Structures are given as structure tokens and as C-alpha cells.
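Take a look at the structure set out below.
Both ligands and their constituent atoms are indexed starting at 1 by order of listing. Fair warning: this is a prediction, and the values are worked out from it, not measured in the lab.
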Amino acid sequence: MSNSNEVQSSLFPTYARYPISLVKGQGSWLWDDQGNKYLDFMSGLAVTNLGHAPEKVKEKLKLQLDELWHVSNLFQIPNQEKAAALLTANSCADAVFFCNSGAEANEAAIKLSRRYHQKVKGSDRYEVITFEQSFHGRTLATLTATGQAKVKEGFLPLPAGFITVPLHDLEALKAAISDHTAAIMIEMVLAEGGVHPVQPEFIKAVAALCKEQGILLIVDEVQTGMGRTGKWFAHEHYGIEPDIFTVAKGIASGFPAGAMLGKEYLREAFTPGSHATTFGGTPIATAAIIATIETMLEDRLPERAATISQYLMSQLNEKLAGIPFVNEIRGLGLIVGIECQEPVNEIVLEGQKRGLLFVTAGPNVIRLLPNLYVTEEEIDQALEILVGLIHDHTAVKKA
Ligand code: PLP
């Protein structure tokens, strides 16, 4: 019990929450409990890729709600088979493990890489190499894999078996590789780390190195996957095929779900009983995944994201040209970072007051994550607010 007269939240204060309660969403738009309307350019952090309350997903979920919500993975789950078949048909992967979040998908990937080497290959490889500024989740293993000190504070001791090297430094990577290396884990766009797309030559060299040395390549597609970058999965832009990749966020239009996908030769490493999770791939979660993927196929959403992102980028480049406050505009498809000279948190807060929701990616980077159906008109509306925000912010700074 608190002594304060203020009403005390019963939640752990793990989030610095904005003073807005969103109560309704439709397409690119959100409404708060005061009736204010917002244009959503963050999509729940790359989750609501189909916009809010997408009709086909809603319909499928309603039907599934009447049928069956949950059964144990001790039984056959036809929806799970179908969702997995859809994912493998639209990617380079051959097998899927369903779970509930990005961190859990990455845990599964780390575990699979160790188990493959130790049980199938009979080696004692266990180490996973990751990159500075990466983000892979908040479980103990995935925060250890994450290349950012702030997520590790106060959580010592961290699990053994992780090494972090600078991104785009092939020599440092080579020096970190040893007989113990099980996997290299990388994002195609360092999203939380500031929206930095990985350099094509670098990722190609990493993929070649992995093949040459029998190291598994894990690509974390938790933020970049499910069409957001203009391909189903961002690694397709680089012409590489990871051994394992992970998805979550956009996979089920906001229903909590994640998946780890891998190549055929990894299947035998996960024998019955070796890995599990109660809620992974339930009938209701996989109904949301199936409906999301079928909608993406019907509406050719990855292609749509690629096309509309060109409009977004060209408008950003045109409208922000010559503003000294803006250092760089970068991204891949509909994950866009605008790097500024100074912290942008005040701009985010002022944006909310003007009806536009977006987030940061590190202190100085404005991150835009619109849904994949975003229209040119909505982009125009968002940019009118955003450009005004940047102009006003720099004018205040000068005054
Ligand atoms: N990996 C990446 C690249 C992410 O962006 C995130 C979340 O932001 C995660 C992993 C963790 O996902 P989750 O929060 O669903 O555990």
C-alpha cells in the first residue's frame, strides 16, 4: 500500500507511458478516451502491419472464438500446420516452431543452434556472436545477445556464451569466431539501434563465412519481417538464406504470437520434449496468423509496402531537404529513421498533441512505422504535421 494520496497503479513501472489512453483503432487511425483522433505512424511498434482491426482477420478470429481457443500441443493442431505451411511456402524455411513473442522466438533460435551442433553434429559449439546496437529481446539470453548495455543493467550475472562485435567490422567478426561458435545472429535493419540497414557486402560476407565455417546464420526478423520492408522477410533484399530466422510483431496483426523458422537439416535437432511452450501456436493464435498471411497474399502487401515506401521516402527527402536539424533519412521499406542533430523526444510528445503518433529509435532518431495499407493521402497528412514539428522545434531552438 502506498501512503500517497494519488491513486497508485498496481503495475510494475517498467514502461515510461505517455499520458494517453487509446481505446479504439481502425486502419491507420486511433482514438483516445477523450475522443481525440490520431494518425498512427508507429503501428504498435511494427505489430499492426495490416492496420487496426483488419476486417478479414477480425472475421476469422470471430469464427475461431466460437469453435476452439486452446488445446495442448500434445494434440494435432490443424491451424498450426496450415500456418506453418503458409510461412514455409512464402520463405526459404522448411520448418516452424510457434511461440508467443520475439524474445521467445530468438530464445528458440539460440537453443536450436546449440542443440544442432551438440546433438546432431556432435561438437561442443555453443557461442553466439551478435552485433553492437542490436536488439534481440528481454529474456536473460536475448538481453545478453543484445548489443546495448542499458538493457543489461542490474541483471548480472548474464548467461555465458555470447560475444558482441561492432557491426560492419568483418575483421572483428573473424577474430571472434572460434571452435566454439555455434551461430551468428543479426538484424537486417538494426531497428531499436537507430534504424541502420545492414550493408549488403557485409551481410553477404557474413553469410559466406557461416557456410565456410559450419556456423549457423540466425536473422532476427522480429521487427523487419512480415512484409514491412517490401519483401516478406528483409533478408530477401540481400539475396541470402539464413539457416534460422525469427518473426513475431506483425505475424498475427496484434494477436500475441511469434515463430522461429529453420532449414530442413535443422529439423532433427528439435526432438519431442527438447523445446516447448504452452501457448505456442494455439488454434486461436494460428487462426490470426493464417488470416494475416492470407490477407497479405490476397492484397500483395509486401509489394504494396515496397511501392508506397518509395512515395514516403521521396516526400521525406523533398520536404526535409535543407533542414540542418536533419542529418539523414534512411530505412528499408516501411521502417524509416530520420536522424536528427539532437534528441527528438519533445518532437514525439508535441506530435501526439497534433494528432500524429510515431516513436524514437535511440535519442536522436525519429522512427516511422506506418501500416502496409497506408495511403499517399495519409502520408501527406503525416508529413504535414511532422515537417511542421521539425520546423517549429528548430525555430524554438534558435529563439
Ligand atoms: N528482436 C527485435 C529486432 C525487436 O525489435 C524486438 C522488439 O522490439 C524483439 C526482438 C523482442 O520482441 P518481443 O518484445 O516480442 O519479445
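- A salt bridge links K58 with E55: the closest approach of a Lys/Arg side-chain nitrogen to an acidic carboxylate oxygen falls below 4.0 angstrom.
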Is there a salt bridge (Lys or Arg N to Asp or Glu O under 4.0 Å) between E264 and R267? Walk through the geometry before answering. CA-CA 5 Å; E264 184 60 39; R267 207 191 284 262; 2.8 Å; yes
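- Nearest to atom 16 (O) of ligand 1 among the protein's heavy atoms is A103 N, 2.8 Å.
- Looking at S134, A46, G102, A105 and measuring to atom 15 (O) of ligand 1, the nearest heavy atom belongs to G102.
- Counting atoms of ligand 1 from 1 in the listed order, those under 4.0 Å from a heavy atom of N106 are 1 (N), 10 (C).
- Remark: minimum distance from atom 2 (C) of ligand 1 to any protein heavy atom is reached at F135 O, 3.4 Å.
- Of the possible polar contacts, one joining the R367 side chain to the T360 backbone as a donor-acceptor pair under 3.5 Å is found.
- At a cut-off of 3.5 Å, with distance as the only test, no side-chain donor of T181 or Q213 sits close to an acceptor on the other residue.
- The pair E384-R354 does not count as a salt bridge, with every side-chain nitrogen at least 4.0 angstrom from each carboxylate oxygen.
- The backbone N or O of V195 sits less than 3.5 Å from a side-chain atom of R330, completing a donor-acceptor pair.
- Scanning all protein heavy atoms for the shortest distance to atom 7 (C) of ligand 1 gives K249 CE, 3.3 Å.
- The protein atom (non-hydrogen) at minimum distance from atom 1 (N) of ligand 1 is D220 OD2, 2.7 Å.
- Here E192 has side-chain heavy atoms under 4.0 Å from ligand 1, and that is the only part of it that gets that close.
- When each atom of ligand 1 is checked for a heavy atom of V222 under 4.0 Å away, the hits are 1 (N), 2 (C), 4 (C), 6 (C), 9 (C), 10 (C), 12 (O).
- Residues F131 and H168 keep their aromatic ring centres 6.0 Å or farther apart.
- Counting only heavy atoms of the protein, atom 5 (O) of ligand 1 lies nearest to Q223 NE2, 2.8 Å.
- Within a 4.0 Å radius of atom 12 (O) of ligand 1, the protein has at least one heavy atom.
- Proximity to S101 (heavy-atom distance under 4.0 Å) selects the following atoms of ligand 1: 15 (O), 16 (O).
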